[in-house]
Amino acid sequence: MRFYGLALLASAVVLGACGGGEKKPATDTAATAAPAPTSGAAAPAAPGAVAAIAATGATHEVKMIGDDKGYRFDPANLTIKSGDAVKFVMVSGGPHNVAFDPTTVPADSKAQLDANMSTKMSELSSPLLLNPNEAYTISFGGIKPGQYPFHCTPHLAMNMKGVITVQ
Ligand SMILES: [Cu+2]
């Protein structure tokens, strides 16, 4: 939202100053480059592509911890509503990440969850968080009710895992 606001402001300034902006927002360029749809109704998505859906509800925090008691997510099990977000915060003992096993994620929400993860190492797998207070937030917008088991890739063998239940 903030980016759109800034982009609009910047465009207005450019237009006002030069009377004809030469720089188009990246979204315009992408839209122009995309193949023209036949319907002309909604903005077209590439075949098979799923757009991220932003969270609209509460943000739940999960700590990523590694200390003399072991490696763990805290809480490891949490129940959220579809549309909430989960913010994973690196506390100690990193690197940690959050990864969903593509074989255990409910099939009808797999593509949406993958789209909602902004940067990734691979499908359904967040980048590594190295430093304390680094965070990675996942929107559960558009995610259907079900159980979403997750784990930390570097510490999977140390049982660093949990389950998000979406109601
Ligand atoms: Cu870990």
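Side-chain atoms of S139 come within 3.5 Å of backbone N or O of A55 as a donor-acceptor pair. Side-chain atoms of K87 never come within 3.5 Å of backbone atoms of A135 as a donor-acceptor pair (strictly under, hydrogens ignored). A donor-acceptor pair under 3.5 Å links the side-chain atoms of E134 to the main chain of N131, judged by distance alone. Checking side-chain atoms of S126 against main-chain N and O of V98 turns up a donor-acceptor pair under 3.5 Å. A donor-acceptor pair under 3.5 Å is absent between the side-chain atoms of Y136 and the main chain of M90, judged by distance alone. Within the 3.5 Å criterion, the main-chain N or O of E123 finds no donor-acceptor partner in the side chain of D114.
Minimum heavy-atom separation, S82 to I143: OG-O, 2.6 Å. Between V50 and A111 the shortest heavy-atom distance is CG2-CB, 3.8 Å. Shown here for A85 and T137, the closest heavy-atom pair between the two residues is CB-CG2, 4.0 Å. Pairing each heavy atom of H155 with each of P95, the nearest pair is CE1-O, 3.2 Å. In plain terms, the two heavy atoms of K144 and S109 that are nearest each other are N-OG, 2.9 Å. Closest approach of K161 to A76, counting heavy atoms only: O-CB, 3.7 Å.
Taking the six-membered ring where tryptophan is involved, the planes of F73 and F150 are perpendicular, since the angle between them exceeds 60° and thus also 30°.
Side-chain atoms of D101 and H151 form no donor-acceptor pair, as typed in the model, at a separation below 3.5 Å.
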Do N116 and I53 pass the side-chain contact (heavy atoms from CB on, under 4.5 Å) test, and can you show the C-alpha distance, the side-chain angles, and the key distance before you say yes or no?
CA-CA 6 Å; N116 287 1; I53 298 179; 4.3 Å; yes
Report the C-alpha separation of V105 and Y148 in whole Å, then their side-chain angles, then the decisive distance to 0.1 Å, and conclude whether the side-chain contact (heavy atoms from CB on, under 4.5 Å) test is met.
CA-CA 6 Å; V105 163; Y148 294 80; 4.0 Å; yes
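Between the CD1 atom in I164 and the CD atom in Q147 there is a gap of 11.0 Å [rounded to 0.5 Å]. Taking CG of L113 as the start and CG of D108 as the end, the distance is 11.5 Å to the nearest 0.5 Å. Between the NZ atom of K63 and the CZ atom of F88 there is a distance of 13.0 Å, given to the nearest 0.5 Å. In this structure, H96 NE2 and L129 CG are separated by 8.5 Å, a value rounded to the nearest 0.5 Å. In this structure, the separation between OG1 on T59 and CD on E61 is 9.5 Å, given to the nearest 0.5 Å.
The environment of K120 atom NZ is dense: over 12 non-hydrogen atoms of other residues, nucleotides or ligands sit within 6.0 angstrom.
Side-chain heavy atoms closer than 4.5 Å link hydrophobic residues (I, L, V, M, F, W, Y) into clusters, and following such links, possibly through other members, connects L78 to M160. I65 and V62 are not part of a single hydrophobic cluster, where members link through side-chain heavy atoms under 4.5 Å apart.
Under a 4.5 Å side-chain heavy-atom criterion applied to ILVMFWY residues, the cluster that includes L130 comprises M121, L128 as well.
The stretch residues 64-76 participates, sequence neighbours left out, in these salt bridge (Lys or Arg N to Asp or Glu O under 4.0 Å) pairs: D67-R72.
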